[in-house]
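All of these numbers come straight from a predicted model, not from anything done at the bench.
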Amino acid sequence: MVALGVELPAGDSFVSDLKLLVVPPLDGKSFSELKAAAKVLNVEPACDARRLKELVLDAFRRQIKTLTPCDMTLYFQNREGAHSQRLELLEEEDALRLQGVSQGALVVCQLATWDRPVSKLGESAYYMWAENQQAVPDEIRVQGGGAPVRIGEAAVAEQRPLRTLKNYSWNDESRCTVKLYISAEGEPEVLAAARGSEDGRVQADFKEQSLEVRIFGENVTYILAISELEHRVVPEECKVKVVAGKRIAITLRKEKEDSLWNTLYRLK
């Protein structure tokens with residue numbers, strides 16, 4: 001771990017506040033300038049990355065006046081033990097302590113914007129909404145296959161009509177991940193069918209350059225499938241998370257870090 005010369009106390013991150021050494025997103029700065037700009041922030045152990053972004057903006061308001069939480073991606077590295085060998089991406093929704101962040105961890109903020117074509121910018125380069133992209137051609141959408149279901153449910157699932165999902169958003173979130181979102185605002189029936197992550201209503205099948213996610217409703221099966229993504233992913237590190245009543249988040253782990261996804265699917 002890179003040391004910035006700041007001593008932080010040890011402690012139990014599950015019961016006490018976390019003291020984190022935070023390096024702000026100051027592009028083009030030297031190591032000495034970053035070291036001088038770093039600050040120690042006190043956060044509750046239940047704090048998640050979204051709240052931490054807000055605290056970072058408050059702490060570094062003078063240096064990063066125009067940024068919003070959506071413009072940053074956060075990484076952490078512990079001083080010792082687990083997650084101490086390299087920087088790890090902080091997920092938005094989960095508490096820091098549940099992601100393995102320990103007392104005195106280093107948090108590095110990265111700008112989540114790249115030098116994109118002007119047509120991609122919109123209000124923020126961080127989010128690329130599906131309605132601002134070309135429609136996914138029907139010939140490269142997939143409606144077959146999918147993860148296996150229990151034998152007792154297979155016959156019922158096969159009898160349900162399929163509805164292809166087109167109302168979703170996506171963003172090239174960071175050096176390591178691309179995310180897709182199905183929101184309750186855009187697809188309330190889908191979120192109602194998905195319920196929670198533990199209900200078994202959502203099944204995902206990730207391959208090296210394709211994905212298929214099925215949500216089993218009472219009378220219809222909703223499907224989001226792309227047969228050829230723009231770049232390759234690591235299937236075993238891709239995942240789906242349901243935030244009940246709010247959104248379904250699909251995380252794709254890039255096979256090549258720092259690869260820029262200009263579109264979600266490969267154009268033919």
Side-chain angles (χ1 to χ4, degrees), residues 89 91-94 127-174 176-255 259 261 263-267:
L89 177 68
E91 297 287 350
E92 290 266 319
E93 295 89 0
D94 296 328
Y127 286 103
M128 301 181 198
W129 296 99
E131 55 264 34
N132 293 329
Q133 308 298 318
Q134 300 179 31
V136 179
D138 291 339
E139 62 268 18
I140 69 171
R141 286 188 177 272
V142 180
Q143 294 190 4
V149 298
R150 288 193 295 269
I151 293 176
E153 298 176 352
V156 176
E158 288 176 359
Q159 294 173 4
R160 297 186 184 113
L162 294 177
R163 198 198 108 189
T164 300
L165 293 176
K166 297 184 179 180
N167 189 12
Y168 61 89
S169 62
W170 74 280
N171 68 311
D172 189 351
E173 180 171 90
S174 71
C176 303
T177 60
V178 171
K179 280 198 174 183
L180 293 80
Y181 297 98
I182 303 169
S183 69
E185 291 81 5
E187 294 284 3
E189 294 178 355
V190 177
L191 267 294
R195 299 181 183 175
S197 297
E198 306 302 323
D199 291 324
R201 294 297 189 101
V202 179
Q203 292 181 355
D205 182 22
F206 298 107
K207 292 185 171 59
E208 290 182 346
Q209 206 160 350
S210 68
L211 69 88
E212 179 178 292
V213 176
R214 293 187 176 216
I215 301 98
F216 298 101
E218 295 296 333
N219 301 309
V220 64
T221 296
Y222 304 96
I223 181 171
L224 170 57
I226 300 176
S227 62
E228 193 170 8
L229 295 164
E230 184 182 23
H231 298 294
R232 295 166 71 91
V233 299
V234 182
E236 59 269 22
E237 295 185 28
C238 299
K239 60 184 179 180
V240 177
K241 179 175 181 178
V242 180
V243 182
K246 295 184 178 180
R247 62 186 169 276
I248 300 171
I250 304 166
T251 302
L252 303 179
R253 180 63 160 84
K254 298 178 182 179
E255 183 181 79
S259 59
W261 289 46
T263 183
L264 187 58
Y265 54 89
R266 182 179 293 275
L267 296 175

message = On a heavy-atom basis, which atom in C238 and which in R253 lie closest, and how many Å separate them?
response = SG-N, 3.5 Å
message = If you count heavy atoms of other groups shown closer than 6.0 angstrom to CD of E237, is the number above 12?
response = yes
request  = Applying side-chain contact (heavy atoms from CB on, under 4.5 Å), name anything that partners K246, two or more places apart in sequence or on another chain.
outcome  = V243
query = Taking all non-hydrogen atoms of both residues, which atom of G186 and which atom of S183 are closest, and how far apart?
reply = N-OG, 3.1 Å
request  = Find the distance between CZ (R163) and CG (L224) and round it off to the nearest 0.5 Å.
outcome  = 11.0 Å
task = Flag the pair L264 / Y168 as yes when at least one side-chain heavy-atom distance between them is below 4.5 Å, and no otherwise.
result = yes
request  = For residues K241 and D94, determine if any side-chain heavy atom of one lies less than 4.5 Å from a side-chain heavy atom of the other.
outcome  = yes
remark   = Contacts of R232 meeting side-chain contact (heavy atoms from CB on, under 4.5 Å) (sequence neighbours excluded), chain-then-number -> E208, Q209, E255
query = When you look at N171 and K179, which way does the side-chain contact (heavy atoms from CB on, under 4.5 Å) test go after all the steps?
reply = CA-CA 6 Å; N171 68 311; K179 280 198 174 183; 3.6 Å; yes
Verdict with supporting geometry, F206 and I250, side-chain contact (heavy atoms from CB on, under 4.5 Å) = CA-CA 10 Å; F206 298 107; I250 304 166; 3.9 Å; yes
query = How many angstroms lie between atom OG1 of T177 and atom CD of E91, to the nearest 0.5 angstrom?
reply = 6.5 Å
query = Looking only at heavy atoms, what is the nearest atom pair of D172 and S259, with distance?
reply = OD2-O, 3.9 Å
note = Closest non-hydrogen contact found for V220 with P161 is CG2-O, 3.1 Å
query = How would you list, by chain and number, every residue that makes a side-chain contact (heavy atoms from CB on, under 4.5 Å) with A193, sequence neighbours excluded?
reply = I215, Y222
task = Begin with the C-alpha distance, continue with both residues' side-chain angles, and end with the deciding distance and a verdict on side-chain contact (heavy atoms from CB on, under 4.5 Å) for L162 and R214.
result = CA-CA 9 Å; L162 294 177; R214 293 187 176 216; 4.0 Å; yes
task = Evaluate the salt bridge (charged side-chain N to carboxylate O under 4.0 Å, His left out) criterion for residues E230 and K254: first the C-alpha distance (whole Å), next the side-chain angles of each, then the deciding distance (0.1 Å), finally the verdict.
result = CA-CA 11 Å; E230 184 182 23; K254 298 178 182 179; over 6 Å; no
query = Rounded to the nearest 0.5 Å, how far apart are CG of L211 and CG of L252?
reply = 6.0 Å
ask   = When rounded to the nearest 0.5 angstrom, what is the spacing between CD1 in I248 and CG in L180?
value = 11.0 Å
inquiry  = Working to the nearest 0.5 angstrom, can you tell me the gap between T251 OG1 and Y181 OH?
reply    = 7.0 Å
note = Rounded to the nearest 0.5 Å, the CZ atom of R266 sits from the CD1 atom of I226 at a distance of 13.0 Å
key: Nearest heavy-atom neighbours spanning A184 and G245   = CB-O, 3.3 Å
